[in-house]
Amino acid sequence: MKPNLSRLIKLDRVPERYYAPKNEVEKAALSREEKIYVDIYEAPSDGAAAEANRVAELINHCVEAKGKCVLALGAGNCTHPLYQALIDLYKRGKVSFHNVIVFNISEFYPSGEDVPSTLTRLKSVFLDHIDIPADNINSPDVSVARENVHLRCREYEQSITRAGGIDMLICEIGYHGGLAFNEPGTKMGSGCRLVLLGNQTRHAIVNDYKCENAPLTAITLGIKNILEARHITCLAWGENYAPVIAQAVEGPVTDSLPASYLQTHTHTTIILDLAAADDLTRIAMPWKVTSCEWDDKLTRRAIVWLCKMTEKPILKLTDRDYNDWGLGELLAIYGSAYNCNIKIFNDLQHTITGWPGGKPNADDSTRPERAKPYPKRVIVFSPHPDDDVISMGGTFKRLVDQGHDVHVAYETSGNIAVGDEDMMRYVMVMDGMAKDFGYDTEAFEAKSKAIKDYCHHKKNDDVDSADIRELKTVIRQCEARTACQYIGVKPDHVHFLRLPFYETGAVKKGDLEQRDVDIVKKLLMDIKPNEIFVAGDLADPHGTHRVCLDAVLAALDELADEPWLKECYVWMYRGAWAEWEIDNIEMAVPLSPEELRFKRNSILKHQSQMENAPYLGDDDRLFWQRAEERNRATAKLYESLGLAAYEAMEAFVRFHPTSIQ
């Protein structure tokens with residue numbers, strides 16, 4: 001089994017010279033919009049390995065020069081690959097931590113049995129695996145009474161001063177631009193103190209520490225303490241970080257984005273993978289800083305950007321527009337604005353289709369999907385029992401209505417996303433009907449009582465009992481079947497895979513294993529589809545979408561020699577957490593107002609995922625609201641470019657299974 005194949009998805013072919021120039025002169029030109037030194041790597045493992053060598057060199061130099069090295073460390077997810085790389089260097093004898101002094105940059109306050117701990121996490125991922133003496137590990141005192149916190153914070157700062165100051169501080173940049181627990185609004189002169197954690201931070205804590213309730217407060221080093229470090233290394237991996245990284249690195253210094261304060265520090269390095277760097281000018285708009293290697297996607301992106309800048313549709317762009325906005329290279333390639341405009345207009349026009357399974361008996365030379373075979377055997381893979389209708393409910397309905405043999409495969413039970421209150425409603429219904437339907441047996445009464453008692457005494461971190469998990473699974477399955485019936489899917493074409501990696505009963509899931517992949521492989525071999533839809537929503541903050549995508553990709557990889565797969569198209573959808581960028585869209589399925597209402601009704605069949613759903617994320621909107629607004633925004637963007645006006649659009653990107661070796 002090949003795990004983590006989703007990380008190999010490259011929607012854009014980013015030339016290496018954009019993110020890894022050969023020398024500092026080239027880098028200076030490419031990064032002239034960047035106000036902080038940034039190193040970009042193709043994958044997190046590459047960046048972590050390179051930075052680990054730099055940290056090890058610093059440690060060895062400091063120990064040789066003054067007998068010790070002082071590090072301030074964060075425990076955020078993005079630091080973990082670096083810590084693992086440092087552990088590997090330690091095991092290979094390249095660095096010792098015996099003379100290293102560590103200061104934990106933040107800790108939750110107050111301490112308690114049910115309160116997570118950054119120090120505990122830092123030890124489990126790093127400090128317990130190296131030769132650092134226990135006395136060399138320092139952390140804010142979170143056992144102190146609140147009235148004494150200020151005094152202990154001053155003492156913590158003094159202990160850093162007595163150690164000689166921080167040689168290097170290592171942390172991640174938060175999704176909202178925070179450093180340590182310094183939230184937006186923090187002033188540059190802030191010192192070590194007790195802070196109130198914001199909603200976004202607390203939501204991230206719940207996900208990262210796999211706890212039910214995040215602490216309200218924490219003690220953190222302030223911006224002043226961070227900027228006093230001689231060297232600072234900040235890390236960020238993944239597309240979720242891209243917008244905030246671009247603002248911090250290229251935008252103004254502002255207290256609304258504490259990471260932007262790093263622009264004032266002369267020895268800060270930000271380490272990124274390509275996904276996290278995606279919004280930096282040299283990656284997103286390279287034509288502004290260098291001569292480009294133009295391909296169709298980059299040209300499309302540039303023209304869409306030019307339309308936005310000029311507030312013109314594609315076919316109204318002129319030679320002067322191209323020259324005024326730095327896109328003269330395209331005029332040299334295409335000969336004129338007219339030629340380039342027509343090319344991109346037609347490319348975008350050809351992405352639009354009302355036949356997502358291919359239009360039979362039609363010329364398919366410019367259509368996203370093939371006309372034949374017809375009807376097609378189709379599998380829609382849905383990570384949870386509602387992602388299918390949230391992300392592609394209109395397309396799903398089209399496929400069924402247009403006569404294709406459509407199967408839907410729900411990869412996980414989704415049972416932890418059913419709240420206890422919703423579940424108890426069903427328990428009360430069953431209790432009320434038990435006598436009338438003749439199942440008021442002793443066994444039923446005992447099980448009903450056990451469920452009620454368990455919920456009554458359940459603590460925040462308790463895992464649901466097996467009976468409760470099964471009941472919640474049934475609730476989600478019934479909702480999914482109801483939605484499928486509404487769409488018109490045959491009952492025997494609805495498959496509940498219940499991949500084992502998900503069935504821990506807790507927020508924290510297991511690792512993807514061969515047994516998960518084998519379940520997906522069996523379904524694929526049973527159906528031998530001509531068309532597959534999978535969730536490409538890699539921005540899913542809970543990670544389940546990525547693991548489910550990895551399960552399908554691993555199965556496709558192991559079946560690569562199957563003749564039917566060589567003729568199968570694989571389409572990736574988004575919608576629950578983000579939408580595809582227009583330069584990547586390869587199929588756009590328009591929806592009428594009636595079809596959009598039908599999609600909304602399909603989503604509403606999943607009643608347990610409405611207002612009371614436990615995992616709605618940072619977005620206050622319900623899933624049907626998010627989906628509608630994103631679908632409408634995609635249609636509006638097409639319209640602004642001069643293409644046909646539709647009520648809404650669902651967008652897809654094609655994945656090529658044979659491209660992974």
Side-chain angles (χ1 to χ4, degrees), residues 36-37 39 47-76 79-107 118-119 122-123 125-141 152-172 179-180 182 188-192 219-235 261-271:
I36 305 173
Y37 193 88
D39 280 339
E51 186 59 20
N53 286 322
R54 195 169 78 93
V55 174
E57 288 177 8
L58 177 77
I59 291 172
N60 292 334
H61 171 76
C62 288
V63 170
E64 183 177 349
K66 58 180 182 178
K68 63 182 177 182
C69 180
V70 181
L71 301 179
L73 302 180
T79 63
H80 297 184
L82 173 57
Y83 294 153
Q84 184 56 57
L86 285 169
I87 292 170
D88 293 341
L89 290 179
Y90 160 69
K91 290 180 177 178
R92 288 160 46 200
K94 301 293 184 181
V95 65
S96 170
F97 295 86
H98 186 72
N99 295 307
V100 171
I101 299 172
V102 164
F103 287 89
N104 184 17
I105 65 173
S106 59
E107 183 57 285
T118 61
L119 180 61
L122 193 56
K123 287 181 177 181
V125 300
F126 183 39
L127 300 178
D128 286 348
H129 307 280
I130 56 177
D131 62 338
I132 185 170
D135 291 344
N136 285 10
I137 300 173
N138 303 274
S139 188
D141 184 355
R152 289 300 174 89
C153 286
R154 299 289 75 75
E155 291 175 351
Y156 195 59
E157 291 177 326
Q158 291 165 10
S159 65
I160 293 175
T161 302
R162 286 194 299 272
I166 298 167
D167 293 305
M168 175 175 278
L169 182 141
I170 298 171
C171 68
E172 70 175 9
L179 290 175
N182 293 286
M188 186 182 290
S190 60
C192 183
I219 295 174
T220 183
L221 291 183
I223 298 297
K224 175 177 176 289
N225 307 124
I226 291 172
L227 295 179
E228 286 174 348
R230 297 180 185 91
H231 300 270
I232 298 174
T233 291
C234 289
L235 306 103
Y261 289 136
L262 296 173
Q263 294 180 24
T264 68
H265 192 273
T266 55
H267 295 290
T268 291
T269 301
I270 295 183
I271 310 298

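- When all heavy atoms of Leu89 and Ala56 are compared, the closest pair comes out as CD1-CB, 3.9 Å.
- Donor-acceptor pairing under 3.5 Å is lacking for the side chains of Glu64 and Asn60.
- Residues passing the ring pair (Phe, Tyr, Trp, His ring centres under 6.0 Å) test with His98, sequence neighbours excluded: none.
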Verdict with supporting geometry, Phe97 and Phe126, ring pair (Phe, Tyr, Trp, His ring centres under 6.0 Å)
CA-CA 11 Å; Phe97 295 86; Phe126 183 39; 5.5 Å; yes
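- Looking at every heavy atom in both residues, Ile226 comes nearest to Asn182 through CD1-ND2, 3.8 Å.
- Listed here is the closest heavy atom pair of Cys234 and Leu262: SG-CD1, 3.6 Å.
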With side-chain contact (heavy atoms from CB on, under 4.5 Å) as the criterion, how do Thr233 and Leu169 come out once you've worked through the C-alpha distance, each side chain's angles and the decisive distance to 0.1 Å?
CA-CA 6 Å; Thr233 291; Leu169 182 141; over 6 Å; no
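- Just one of Leu71, Val95, Val70 meets the side chain to side chain contact (heavy atoms under 4.5 Å, CB included) condition when paired with Val100; it is Leu71.
- When Ile160, Asn136, Ile137, Leu73 are each tested for a side chain to side chain contact (heavy atoms under 4.5 Å, CB included) with Phe103, only one passes: Ile160.
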Test log, rule side-chain contact (heavy atoms from CB on, under 4.5 Å), inputs Tyr37 and Thr266:
CA-CA 9 Å; Tyr37 193 88; Thr266 55; over 6 Å; no
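- No donor-acceptor distance shorter than 3.5 angstrom exists from the side chain of Asp39 to the backbone of Ile271, with no hydrogens or angles considered.
- With rounding to the nearest 0.5 angstrom, the SG atom of Cys192 is 12.0 Å from the CZ atom of Arg152.
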Given Leu58 and His231, is the side-chain contact (heavy atoms from CB on, under 4.5 Å) satisfied, shown in steps?
CA-CA 10 Å; Leu58 177 77; His231 300 270; 4.0 Å; yes
Using salt bridge (Lys or Arg N to Asp or Glu O under 4.0 Å), reason through Arg54 and Glu51 one step at a time and then give a plain yes or no.
CA-CA 5 Å; Arg54 195 169 78 93; Glu51 186 59 20; 2.9 Å; yes
Could you go through Asp88 and Gln84, starting from their C-alpha distance and side-chain angles, then the distance that decides it, and tell me whether this counts as side-chain hydrogen bond (donor to acceptor under 3.5 Å, both in side chains)?
CA-CA 6 Å; Asp88 293 341; Gln84 184 56 57; 3.2 Å; yes
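- Distance CG/Leu179 to OG1/Thr220: 9.0 Å, rounded to 0.5 Å.
- Sorted by first and then second residue, the pairs that involve residues 158-169 and meet salt bridge (Lys or Arg N to Asp or Glu O under 4.0 Å), not counting sequence neighbours, are Lys66-Asp167, Asp167-Arg230.
- Going from atom OG of Ser159 over to atom CG of Asp141 covers 11.0 Å, rounded to the nearest 0.5 Å.
- Using a 3.5 Å distance cut-off with no hydrogens or angles, the side chains of Thr118 and Glu107 do pair a donor with an acceptor.
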